[in-house]
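Notes to accompany the following structure.
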Amino acid sequence: MATNITFHPGSVTRDERTKFLGHQGMTIWLTGLSASGKSTIACALEQYLLQNGITSYRLDGDNVRFGLNSDLGFSEKDRNENIRRIGHVAKLFADASVVSITSFISPYRKDRDQAREAHNKDGLPFIEVLVDCPVEVAEQRDPKGLYKRARAGEIKEFTGISAPYEAPLAPEVVVSSHNMSTEQSVEKIVAYLQEKNLIHLNN
């Protein structure tokens with residue numbers, strides 16, 4: 001661990017960034033099983049917000065593992081580190097007055113809580129969205145064939161099959177992707193953001 005380091009604050013304040021962009025930053029953290037619909041909803045939400053003048057950026061679980069977290073596997077320890085890193089990246093985006101939309105399985109409650117605490121410590125909104133989907137439905141979808149491989153023993157420690165998923169106890173938003181369309185899911189998330197005065201749409 002590095003010790004001879006000093007944090008250097010910039011000369012541009014968060015208030016200045018917020019005033020310039022016209023909205024505050026935050027993290028919208030989508031969590032749920034593989035194939036629950038997280039990435040699909042995140043993509044649609046990002047598009048919706050951008051079309052309404054809100055600077056947004058999506059951080060996807062698979063995409064991040066191609067670069068920043070390419071050194072990590074899927075053990076509990078590596079999953080912890082995966083979420084720790086992305087939690088800090090999301091916080092940096094939020095601090096820059098960008099709406100960060102993350103779509104990670106993030107199966108362990110304590111890891112998500114740590115990401116929330118890091119945001120709250122710096123006064124940044126953290127909105128946890130549970131993409132609720134029964135494992136049976138997710139397994140039927142299985143677009144990547146991962147559940148099939150997990151059942152065959154080819155993938156070890158697969159969430160929902162051979163590794164646990166700890167659902168949020170009190171998420172800000174719950175979308176039931178097995179009986180709600182992508183559009184309805186986005187509408188529910190946006191409605192929450194508007195209700196809490198976190199965003200103001202152009203239309």
Under a single-linkage rule joining Ile, Leu, Val, Met, Phe, Trp and Tyr whose side-chain heavy atoms are separated by less than 4.5 Å, which residues share a cluster with Val12?
none
Hey, mind stepping through Ile161 and Tyr147 against side chain to side chain contact (heavy atoms under 4.5 Å, CB included) and telling me if it holds?
CA-CA 8 Å; Ile161 302 298; Tyr147 284 94; 3.8 Å; yes
Between [X] and [Y], what is the shortest heavy-atom contact and its length?
X      : Y      : value
Glu172 : Glu128 : OE1-N, 2.8 Å
Thr182 : Ile41  : CG2-CA, 4.2 Å
Pro164 : Pro107 : O-CB, 3.5 Å
Pro168 : Leu130 : CD-CD1, 3.7 Å
Thr27  : Ala90  : OG1-O, 3.4 Å
Glu139 : Arg151 : OE2-NE, 2.8 Å

Taking side chain to side chain donor-acceptor pair (under 3.5 Å) as the criterion, tell me which of Thr18, Asp15, Thr55 meets it with Ser97.
Thr18
Value rounded to 0.5 Å, distance of [atom1] in [X] from [atom2] in [Y]:
X      : Y      : atom1 : atom2 : answer
Glu166 : Thr159 : CD    : OG1   : 10.0 Å
Asn63  : Asn69  : CG    : CG    : 11.5 Å
Ile155 : Lys144 : CD1   : NZ    : 10.0 Å
Leu92  : His88  : CG    : NE2   : 8.5 Å
Arg85  : Leu68  : CZ    : CG    : 6.0 Å
His119 : Ile127 : NE2   : CD1   : 8.5 Å

Donor-acceptor pair, side chain of [X] and main chain of [Y], under 3.5 angstrom:
X      : Y      : answer
Lys156 : Gly153 : yes
Ser75  : Asp78  : yes
Asp95  : Lys91  : no

So, Tyr165 versus Tyr108, ring centres under 6.0 angstrom or not?
no
Taking NZ in Lys121 as the centre, count heavy atoms belonging to other residues, nucleotides or ligands within less than 6.0 Å. Is the count above 12?
no
Heavy-atom check, side chain of [X] versus side chain of [Y], under 4.5 Å:
X      : Y      : value
Asp132 : His178 : yes
Phe158 : Ser34  : yes
His200 : Ile54  : no
Leu33  : Val135 : yes

Could you walk me through whether Thr102 and Lys38 pass the side chain to side chain contact (heavy atoms under 4.5 Å, CB included) check?
CA-CA 9 Å; Thr102 75; Lys38 298 182 301 301; over 6 Å; no
Does the side chain of [X] pick up a donor-acceptor pair with the side chain of [Y] at under 3.5 Å?
X      : Y      : value
Ser106 : Asp111 : no
Gln47  : Gln51  : yes
Arg58  : Ser39  : no

Would you call Lys148 and Asp142 a salt bridge, taking side-chain N to carboxylate O under 4.0 Å as the test?
no
Pair Arg79 + Glu76: basic N to acidic O under 4.0 Å:
no
Restricting to side chain to side chain contact (heavy atoms under 4.5 Å, CB included), what partner residues turn up for Lys188, sequence neighbours left out?
Val173, Val175, Met180
For Phe93, check side chain to side chain contact (heavy atoms under 4.5 Å, CB included) against everything at least two apart and list the hits.
Tyr57, Leu59, Val89, Val98, Ser100
Intermediate values then yes/no, side chain to side chain contact (heavy atoms under 4.5 Å, CB included), Arg141 and Cys133
CA-CA 11 Å; Arg141 294 172 178 171; Cys133 180; 3.8 Å; yes
Does NZ or CZ of Arg65 lie under 6.0 Å from the centre of the six-membered ring of Phe74, at an angle within 45° of the ring axis?
yes
